[in-house]
Amino acid sequence: MAKRKEKKDIVEKEFVAFPDVAADVINVLLYKGKSVVDEKNLQSGPTEFIYQGGEKLRNEYEDLCKYELADGGIKLMYLIANQSRTDGKMLLRKAGYMGGAYREQYEKKTRFLYPVIEFVLYWGKSRWETGRNFRRLFSRKKISEEAWNYIDELRLHVFEMRHLPEEIRSLFQSDMRIVVDFLAEGNSYRSDRKVIHKAALIRMIKALSGETTAEGEVEKWMEEQEIREEDDVKMCELFDQYVRQGRAEGEKIGEKKGKQIGEKTGEARRLVLDVENAMNFFRVTLEKACEGLGTTLEKYEEAKRCI
């Protein structure tokens with residue numbers, strides 16, 4: 001289970017990390033579809049922040065970091081977290097990420113000072129009901145309004161990717177449009193949109209569907225089908241080919257498995273029939289009949305369950 005989750009996390013990071021997808025996600029979710037961020041001005045940044053914690057060096061990891069560049073320097077830093085499950089303490093993790101990014105600026109590990117925006121892409125099915133601000137997170141604490149005046153506000157910006165309304169989904173221009181529409185409409189979804197990042201998109205869809213792919217599996221299939229990343233291929237064409245091949249392979253496996261099951265069922269039926277005939281003919285107990293046929297009561301009961 002842990003390996004599957006790790007694989008899914010890697011697939012999500014890989015997909016969102018493409019400059020055009022990252023810029024699209026930022027423009028749609030943060031800027032309501034306005035072309036504020038140009039993918040050409042995005043540069044990948046560090047996802048690990050080192051800080052001194054007591055006597056030891058400690059670190060904080062974020063899924064994705066993108067710098068927005070302008071006038072020869074860093075204008076903004078975007079930190080993007082991918083989440084598959086709700087996390088009631090995610091706000092505290094955000095405080096760690098933000099603190100690490102600002103600490104590096106304070107310690108002059110960067111050439112520029114810049115603000116940091118952190119947000120969460122939540123891919124889970126259940127709704128995110130946990131606290132998105134400190135008041136909600138500490139709601140069980142009896143904190144006076146006077147104290148709240150001195151508690152810095154921190155908000156968690158969560159976007160529930162499986163529950164985006166159609167008017168938001170329609171703003172995406174990158175392959176992310178295919179992903180969010182697929183999540184909203186299910187396996188029946190078809191589109192004539194051209195796919196840019198073909199292998200990454202297939203892996204993303206399969207990961208979000210709960211399936212895993214072996215390393216290099218998608219690329220090998222694309223090579224066999226003579227599909228290149230730079231080719232003009234529509235979403236419906238790409239998926240129909242991939243699903244059709246998967247269905248054919250599944251049918252072969254099913255036929256083989258069905259044959260094996262059929263053989264096993266036939267053997268089980270013969271064993272049960274032999275034992276019960278011996279019981280009736282020799283008028284002996286079940287245990288004696290099994291013993292006389294060189295089998296055991298456990299094997300008889302197992303065979304009984306198979307038919």
To check you understand the geometry: which heavy-atom pair defines the closest contact between [X] and [Y], and what is its length?
{"X": "C290", "Y": "V275", "answer": "SG-CG1, 4.0 Å"}
{"X": "C306", "Y": "A268", "answer": "CB-CB, 3.9 Å"}
{"X": "M77", "Y": "A101", "answer": "SD-CB, 3.9 Å"}
{"X": "L121", "Y": "V25", "answer": "CD2-CG1, 4.0 Å"}
{"X": "G88", "Y": "L137", "answer": "O-CD1, 3.3 Å"}

Do the side chains of [X] and [Y] join up, straight or via other hydrophobic residues, at under 4.5 Å, putting them in one cluster?
{"X": "M98", "Y": "F112", "answer": "yes"}
{"X": "L113", "Y": "I117", "answer": "no"}
{"X": "L92", "Y": "M90", "answer": "yes"}
{"X": "L273", "Y": "Y300", "answer": "no"}
{"X": "I202", "Y": "Y189", "answer": "yes"}

Whether the side chain of [X] engages the backbone of [Y] through a donor-acceptor N/O pair (distance < 3.5 Å, no angle test) should be reported.
{"X": "K66", "Y": "I80", "value": "no"}
{"X": "Y102", "Y": "V116", "value": "yes"}
{"X": "Q105", "Y": "Y114", "value": "yes"}

Any side-chain heavy-atom pair from [X] and [Y] closer than 4.5 angstrom?
{"X": "M204", "Y": "E12", "answer": "yes"}
{"X": "E68", "Y": "L42", "answer": "yes"}
{"X": "S209", "Y": "F182", "answer": "yes"}
{"X": "I26", "Y": "F119", "answer": "yes"}
{"X": "L76", "Y": "Y67", "answer": "no"}

Derivation and outcome, side-chain contact (heavy atoms from CB on, under 4.5 Å), residues F18 and D175 = CA-CA 10 Å; F18 288 110; D175 287 344; over 6 Å; no
message = Taking E145 first and then R135, would you say they form a salt bridge - that is, a charged N and a carboxylate O separated by under 4.0 Å?
response =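 R135 and E145: salt-bridged.
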query = Salt bridge check: are E276 and K304 linked by an N-O gap of less than 4.0 Å?
reply =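 Salt bridge: yes.
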query = How far apart are the C-alpha atoms of F134 and D152, what are their side-chain angles, what is the distance that settles it, and do they pass the side-chain contact (heavy atoms from CB on, under 4.5 Å) test?
reply = CA-CA 9 Å; F134 276 161; D152 293 331; 5.7 Å; no
task = Using a cut-off of 6.0 Å, state whether more than 12 heavy atoms not belonging to K13 lie near its atom NZ.
result =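 For K13, atom NZ is crowded (more than 12 foreign heavy atoms under 6.0 Å).
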ask   = Does atom CD of E287 have more than 12 heavy-atom neighbours, drawn from other residues, nucleotides or ligands, at distances under 6.0 Å?
value =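 Yes.
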request  = Could you walk me through whether L201 and V179 pass the side-chain contact (heavy atoms from CB on, under 4.5 Å) test, one step at a time?
outcome  = CA-CA 8 Å; L201 178 66; V179 173; 3.6 Å; yes
Calculate, to the nearest 0.5 Å, the distance between atoms [atom1] and [atom2] belonging to [X] and [Y] respectively.
{"X": "E39", "Y": "N27", "atom1": "CD", "atom2": "CG", "answer": "10.0 Å"}
{"X": "E301", "Y": "T296", "atom1": "CD", "atom2": "OG1", "answer": "8.5 Å"}
{"X": "S139", "Y": "N133", "atom1": "OG", "atom2": "CG", "answer": "9.5 Å"}
{"X": "K299", "Y": "L271", "atom1": "NZ", "atom2": "CG", "answer": "9.0 Å"}
{"X": "Y122", "Y": "T86", "atom1": "OH", "atom2": "OG1", "answer": "5.0 Å"}
{"X": "N82", "Y": "D63", "atom1": "CG", "atom2": "CG", "answer": "5.0 Å"}

task = Under the salt bridge (Lys or Arg N to Asp or Glu O under 4.0 Å) rule, collect the residues that match up with E226, sequence neighbours excluded.
result =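 E226 satisfies salt bridge (Lys or Arg N to Asp or Glu O under 4.0 Å) with no other residue.
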message = For a side-chain contact (heavy atoms from CB on, under 4.5 Å) check, start with the C-alpha distance between K198 and I227, then their side-chain angles and the critical distance, and finish with the verdict.
response = CA-CA 9 Å; K198 300 167 185 63; I227 298 174; 4.0 Å; yes
inquiry  = The criterion is side chain to side chain contact (heavy atoms under 4.5 Å, CB included); which residues satisfy it with A199, sequence neighbours excluded?
reply    =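 Applying side chain to side chain contact (heavy atoms under 4.5 Å, CB included) to A199 gives R203, V218, E219, M222, E229.
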Could you go through residues 154-174 and list every donor-acceptor pair under 3.5 Å that involves a side-chain atom there, pairing it with any protein atom two or more places apart or in another chain?
from : atom 1 : to   : atom 2 : distance (Å)
E160 : OE1    : R127 : NE     : 2.8
E160 : OE1    : W128 : N      : 3.0
E160 : OE2    : R132 : NH2    : 3.3
R162 : NE     : W123 : O      : 2.4
R162 : NH2    : L208 : O      : 2.8
H163 : NE2    : K125 : O      : 2.8
R169 : NE     : D181 : OD1    : 2.7
R169 : NH1    : L164 : O      : 3.1
S170 : OG     : E166 : O      : 3.3
S170 : OG     : E167 : O      : 3.0
Q173 : NE2    : L171 : O      : 3.2
S174 : OG     : D24  : OD2    : 2.7
S174 : OG     : M176 : N      : 3.2

